[in-house]
Amino acid sequence: MSEAYDPSLERVHGLYATMLLIRAFDEHAGQARRDGHLRGSVHEYIGQEAIATGVGANLLKRDYVSSYHRGHGHCLAKGADPVSMMKELYGKADGLCGGKGGSMHVADFALGILGANGVVADGVTLAVGAAQAVKLRGEDRIVTAFFGDGAMNRGPMLEALNWARVFDLPVLFVCEDNTYSDKTRTASVTGGPGILARASAFGIPAESIDGNDVIAVDEAAARLTRAVRSGQGPVFLHAKTYRWRGHLALDPGRYRDAQEVSRGMADDPIARAKAWLFARGVKAESLAADREAAVERIRSAVSQAESAPWPRPEILFTDVQDLGAPT
Amino acid sequence: MSEAYDPSLERVHGLYATMLLIRAFDEHAGQARRDGHLRGSVHEYIGQEAIATGVGANLLKRDYVSSYHRGHGHCLAKGADPVSMMKELYGKADGLCGGKGGSMHVADFALGILGANGVVADGVTLAVGAAQAVKLRGEDRIVTAFFGDGAMNRGPMLEALNWARVFDLPVLFVCEDNTYSDKTRTASVTGGPGILARASAFGIPAESIDGNDVIAVDEAAARLTRAVRSGQGPVFLHAKTYRWRGHLALDPGRYRDAQEVSRGMADDPIARAKAWLFARGVKAESLAADREAAVERIRSAVSQAESAPWPRPEILFTDVQDLGAPT
Amino acid sequence: MTVLSYAEAARLALLQEMERDPNVWVLGEDLGPEGGVAGQYAGLQQRFGKSRVVDTPISESTIMGAAIGAAMCGTRPVVELRYADFGLCAADEIVNQAAKARYMLGGQVRVPAVIRQPIGMRDGMAAQHSQSTEAWWIHIPGLVVVAPSTPADNHALLKAAVRCDDPVIYMEHKELWTVRGEVDESAAPAPLGNAAVVREGRDVTIVTWSSMVSVCLAAAQALAESGVSAEVIDLRTLWPWDKDAVFASVVRSGRLLVVHQAVRVGGFGAEIVSEVAEQLFDKLKTAPRRLGAPRVPVPYSEPLEMRCRITADDIVAAAIGMARAEA
Amino acid sequence: MTVLSYAEAARLALLQEMERDPNVWVLGEDLGPEGGVAGQYAGLQQRFGKSRVVDTPISESTIMGAAIGAAMCGTRPVVELRYADFGLCAADEIVNQAAKARYMLGGQVRVPAVIRQPIGMRDGMAAQHSQSTEAWWIHIPGLVVVAPSTPADNHALLKAAVRCDDPVIYMEHKELWTVRGEVDESAAPAPLGNAAVVREGRDVTIVTWSSMVSVCLAAAQALAESGVSAEVIDLRTLWPWDKDAVFASVVRSGRLLVVHQAVRVGGFGAEIVSEVAEQLFDKLKTAPRRLGAPRVPVPYSEPLEMRCRITADDIVAAAIGMARAEA
Ligand SMILES: Cc1ncc(C[n+]2csc(CCOP(=O)(O)OP(=O)(O)O)c2C)c(N)n1
Ligand SMILES: Cc1ncc(C[n+]2csc(CCOP(=O)(O)OP(=O)(O)O)c2C)c(N)n1
Ligand SMILES: [Mg+2]
Ligand SMILES: [Mg+2]
């Protein structure tokens, strides 16, 4: 765990609780998808919780966040209500998007969450635009764009890095490097010295951290969000992590080496935070209770989601556009 | 002029003659467009001739070249017939593309010229694909992709750099940096330490040269094409130059500082080559005669183009696709 | 009332909207130096500064993506894509993000962006700079599509587009930029979705838009001399199109002819003809007809390009044929 | 004859074509590890190696651009774009390069590329993974468009697409991947452009394709029970579509109903209805009709998505209405 930075026990305990909530949410979401209770693509964030959590802890309610297909963790860390999220995954009427979006489109504009996104890297272009709006309107907010390692090969992603630099926008780019782009090892389709070199080539200060160390993430995010808030322009954080599960809930992830997977899972961000807390005197029972509380909160969200009403049929035709009939 | 490299008088004389031909071609094309004899977009290559010439001198007939909107010079340097090119610009039946393409689409597949291109950076993606075909078929050719400084901000361009590295393709990337992207100073919309850093960030060996020094270009191109031919994978050449005229023939280029323009024009690649030859004993009359010969060759191309027949009307419907009627 | 060109009228509309609402801003390539390819932004950067009239890198994906993000965050961007052909470089962002966001996110957010994509053939701009792609956007739920034919409409409709809370594909025609006409400088925004009956007639209803309006009017004049009374309807807004106006006319005339410059196959004319055939079958006295370009890329050479165009003669011939046919 | 799934049939076709012609190769994301999203490439990388079954970076523009360049240089790439929605990320390359190259370059070159873009709704994949975009490609000169509905067709038509010398947009339906059917493994390529009359009937002609074929057949069965004899035509190739087959049927039945899963407004149904209304007006006994999705993005929630779909009941109701209507 990181050395110089010495966060309070309370802060780390909070980060731990957030990670537990995210884990419990996605443990359920993945299983519910495999069991056929959810539909579509459900991308579990399991193993990567420290990143959303550490970054999210340094964002204000008014800050904007743009996410990608693996988006549940970012929403929860930004404060989204797990009940409304779960209802969305269940396609129910009062889900965050009224059931129209599902897992890949969870969003909560009241909390500045611009949405998960089904097209790799597109959310990053939205993020730089959000930052441009912030700047134009003279607002005191920053924008965080989360995206994966695979996204670093898409043109719009690279354009957006240039864009943020050219217009000096208040953006924190967070690359969650979980080694894979779907079933492909990202390294096998990525040229050059690496992700940091790419960000730097567009003039964006960039650094790498251990993305499974929530304290390291918190420290870096605190520093970088401060820099962005101070008007320094964009910064780039490369967080190394590992995706425990398959690319999505229905993918058993068999193309991966078993050893690699167990090595990855051994480096559990939650276990690490738990050990840190335990070493500083937090009781094992208390830590276990935190876990139980998170699981219980999700259990309750699920039962509310299960019993919630479906969207009324006429909802099919609402919120398309003001002009013109949809039929 | 470059020091270590000592080309033969004959070689430089040849380069000089090619530059003169390109200049004469575009002097005419620009004026003919302004006079209303040509249509559409005509992008003059004037001032940039050393790059196409120096690179072209190191390419074999079987090598592929992909170009962009400012493409006349690349075609001529690769050996395209100025008469067939001029006929294309005049929209005549036996122009290189039967009159269907015009200035922005000159191509000659018999010479490996995959075409000028009207969409910024798209030609670069075609080039890496051509290189992939070369590799797949085990052919002994290389591919050169020419593009502008402005193209370096387009996503597909950046994707293509990664692509060439990932698949180790035989591509020479040549960035012709003429300071402008249309009416915009490229520096004002380009973040980071520069073009070389970008190429390097994708793992492509890159170097900058004085693109108005045809000997320097020849030297670098000789070295780099050798490297590419030897199977080393992609390389990147950044050639600094200046665009004398407006972005296209109908643009007087008034958004530029007069001093900047005259400074740019003072650094004339043709005058520099001429001085080099003169200093080594080539007679002034001989050098003037070269110029006259180039002008005369273009004059003849023009008169052949002017008197050439128009495409027959039914040509409208040919070469669309094999299946289905076009009407 | 004053006489302005189509480009000047659009510029005036934007100027007025930018003065009215500080959240309106513009982004695209080369807007500042000389006010866009047709001067349609002339002087606006000088007036509103570089942060409201933004010269962008050549990054169509991010131009569009950023505009969407900014539109989600309280601003009203006007996006200049220069030619409809380059609009294809941002097709993903337009369709997958701009058009879908409001619906997919359950009505939490709107995307009030104007997306300018000039269409049409002009003076040999050839295959990559001459397309008319309105049919694509009409097919996409969430988009409004506008195609003004006169300076007055380009003023009043652009104002309306800026105030529209949903994304508007705004398609000016390149050949109309310099056309002059009376403009009421203080005109209110024109309601979107209303067609104009630009000439009244009994025998045949000609439905058209954009640059074809004047051609259809010329044809109607000639038809009158042949004893055929043609009604000409300028749709102005293509989605939603003014079915009331078209249906009312067809009910009277019993004959429908749709004329557009876009490729006939799969063009928007197909939607209009189908809708009329479905809804007003019993009112039709003869087969409906469509006139549009052949299904070929737009060729460069003048005689070929001319043959791609629908002329007044073509329209006259079609209308006379229809008027003479018996049901 | 053997029983294969739609995905297996496609795989077999590709395997046979790759064995036949060493210039056939495949590129796209995640083809190697498990053979694509539906196993439609299973085992091909193991068999033909990584240079003929190429796992690419997430770079849709360059995937497409590279395929085009490679197709111009003697190879026959098969491009996997995964979902038609992501095909929009390569719309520029498909339209401005692949479709136009042959024509714009005067017939010097062909682009024999197969561009696979699976379409359709499936199990809650929501707005960004459910689109059917065939109408777009039909409108673009230079493209062939194919949409197989059965395993046998996915075998024989894919072979034909690979051998076609022009770019083919090949649209499989996600919901058909697992559908099984008889396939003649040694079948020759099916001629492109030929429809199949999959059920004969007198009273109404139902024209459809892709996943709607089986729905229309079910409807025809139900219609028979109500005394309405429906002919069902599976177009198979959408451009060029088999006008002879459709016209012959409509001449007999006098009634045309087009059914597709794509959005009804501006869908390909409009082209078919228009063409029939124009050419066979006098043969129609009643108004032609189109059934397609409402003009809304595809929602996630199950009851909403179900309401977007055309059901056998919808078809029955429409056909009965038409059969009862008097001209
Ligand atoms: C433009 C685009 N191309 C392809 C896909 C299919 N796809 C979805 S996620 C994914 C892999 C993304 O990898 P990465 O960015 O590393 O994120 P991760 O899934 O690892 O979190 C791919 C290829 C897509 N959604 N969008
Ligand atoms: C995708 C795309 N965007 C915009 C344009 C319009 N455009 C044509 S040339 C050009 C500037 C290109 O600058 P650069 O790449 O430096 O080439 P140069 O013209 O300087 O030779 C622009 C913006 C285009 N053709 N294609
Ligand atoms: Mg990843
Ligand atoms: Mg330039």
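The structure presented is a predicted model; accordingly, all values stated were derived computationally and were not measured. All chains are named by letter (A, B, ...) in the order of the sequence lines, taking the proteins before the strands, and each is independently numbered beginning at 1.
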For C/P297 and B/V320, the nearest pair of non-hydrogen atoms, with its separation, is CD-CG1, 4.3 Å
If one checks every heavy atom of B/V119 against chain C at 4.5 Å, the contacting part turns out to be both
Can you pull every donor-acceptor pair closer than 3.5 Å across chain C and chain B?
{"from": "C/D30", "atom 1": "OD1", "to": "B/K183", "atom 2": "N", "distance (Å)": "3.1"}
{"from": "C/D30", "atom 1": "OD1", "to": "B/T184", "atom 2": "N", "distance (Å)": "3.1"}
{"from": "C/D30", "atom 1": "OD1", "to": "B/T184", "atom 2": "OG1", "distance (Å)": "2.5"}
{"from": "C/I58", "atom 1": "O", "to": "B/R154", "atom 2": "N", "distance (Å)": "3.4"}
{"from": "C/S59", "atom 1": "OG", "to": "B/N153", "atom 2": "O", "distance (Å)": "2.8"}
{"from": "C/E60", "atom 1": "OE1", "to": "B/R154", "atom 2": "NE", "distance (Å)": "3.3"}
{"from": "C/R82", "atom 1": "NH1", "to": "B/D182", "atom 2": "OD2", "distance (Å)": "2.8"}
{"from": "C/R82", "atom 1": "NH2", "to": "B/D182", "atom 2": "OD2", "distance (Å)": "3.3"}
{"from": "C/D123", "atom 1": "O", "to": "B/G40", "atom 2": "N", "distance (Å)": "2.8"}
{"from": "C/D123", "atom 1": "OD2", "to": "B/R33", "atom 2": "NH2", "distance (Å)": "3.0"}
{"from": "C/Q128", "atom 1": "OE1", "to": "B/G118", "atom 2": "N", "distance (Å)": "2.7"}
{"from": "C/Q128", "atom 1": "NE2", "to": "B/N117", "atom 2": "OD1", "distance (Å)": "3.3"}
{"from": "C/R295", "atom 1": "N", "to": "B/P326", "atom 2": "O", "distance (Å)": "2.4"}
{"from": "C/R295", "atom 1": "NH1", "to": "B/Q321", "atom 2": "OE1", "distance (Å)": "2.8"}
{"from": "C/Y300", "atom 1": "N", "to": "B/K100", "atom 2": "O", "distance (Å)": "3.0"}
{"from": "C/Y300", "atom 1": "O", "to": "B/R39", "atom 2": "NH1", "distance (Å)": "2.8"}
{"from": "C/Y300", "atom 1": "OH", "to": "B/R39", "atom 2": "N", "distance (Å)": "3.2"}
{"from": "C/Y300", "atom 1": "OH", "to": "B/R39", "atom 2": "O", "distance (Å)": "3.4"}
{"from": "C/Y300", "atom 1": "OH", "to": "B/L89", "atom 2": "O", "distance (Å)": "2.5"}
{"from": "C/S301", "atom 1": "N", "to": "B/G99", "atom 2": "O", "distance (Å)": "2.9"}
{"from": "C/S301", "atom 1": "OG", "to": "B/G91", "atom 2": "O", "distance (Å)": "2.5"}
{"from": "C/E305", "atom 1": "OE1", "to": "B/R39", "atom 2": "NH1", "distance (Å)": "3.2"}
{"from": "C/E305", "atom 1": "OE2", "to": "B/R39", "atom 2": "NH2", "distance (Å)": "3.4"}
{"from": "C/R307", "atom 1": "NH1", "to": "B/P313", "atom 2": "O", "distance (Å)": "2.9"}

Contacts of C/W136 meeting side chain to side chain donor-acceptor pair (under 3.5 Å) (sequence neighbours excluded), chain-then-number -> none
Scanning both residues in full, the closest heavy-atom pair of C/L304 with B/P313 reads CD2-O, 4.1 Å
Residue from C/A127, C/P303, C/C308, C/A126 scoring the most non-hydrogen pairs under 4.5 Å with chain B is C/P303
